[in-house]
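Step one of this worksheet: look at the structure below.
It should be emphasised that the depicted structure is a prediction, and the values quoted were computed from it without experimental measurement.
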Amino acid sequence: MKLDNFPIALTEWSQIEPERHEGDEGFSLWRVQYFGEGESRVRVRLVEHSPGYVSDHWCHKGHVIFCIKGGMDTHLKDGRVLKVREGMSYQVADDAEAHSSRTETGATLFIVD
């Protein structure tokens, strides 16, 4: 990730209209900001997974994810499960390990990719 070609900016997350994304079960609400352009464009999101959320795909995108509230299980294609809980984070590179998220209780995440 290269943070390039954008000035400092404040984000008032409550002022950003959420986008609803359906999962195989449950849904996610994404508040999204983009910074920069081209290959150095960065997406920053505040994501809320509903209780019972199950992702509808295997993700290959790299992220830095910090769990603000709740928790989720990140399933990897090789069968491992990472238990991500409040106050924890993980990071994964583009195309490094396919992953998919699930939560029984719901989770609020801060994601940079």
Quiz item: Which residue pairs pass the salt bridge (charged side-chain N to carboxylate O under 4.0 Å, His left out) test when at least one of the two sits in residues 9-18, sequence neighbours left out?
Solution: none
Self-check item: Within 45° cone of Y34 ring axis and under 6.0 Å: R43 NZ or CZ
Solution: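 The answer is no, since R43 fails at least one limit relative to Y34.
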Exercise. To the nearest 0.5 angstrom, please state how far the CD1 atom of I111 sits from the OG atom of S89.
Key: 12.0 Å
Self-check item: Shared hydrophobic cluster for I16 and F35 (ILVMFWY, side-chain gaps under 4.5 Å)
Solution: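 Looking at the clustering, F35 is in the same group as I16.
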Under the 3.5 angstrom rule, does the side chain of [X] hit a backbone N or O of [Y] as a donor-acceptor pair?
{"X": "D73", "Y": "R102", "answer": "no"}
{"X": "H63", "Y": "K61", "answer": "yes"}
{"X": "R45", "Y": "V32", "answer": "no"}
{"X": "S55", "Y": "H57", "answer": "yes"}
{"X": "E86", "Y": "G70", "answer": "yes"}
{"X": "T108", "Y": "K69", "answer": "no"}
{"X": "H99", "Y": "C59", "answer": "yes"}

Quiz item: Looking at E39 and R41, does any basic side-chain N land under 4.0 Å from a carboxylate oxygen?
Solution: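 No salt bridge links E39 with R41.
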Self-check item: Pair E19-H21, side-chain donor/acceptor within less than 3.5 Å
Solution: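 Distance-only check passes for E19 and H21.
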Quiz item: Are S28 and H49 close enough that a side-chain donor and a side-chain acceptor fall under 3.5 Å?
Solution: yes
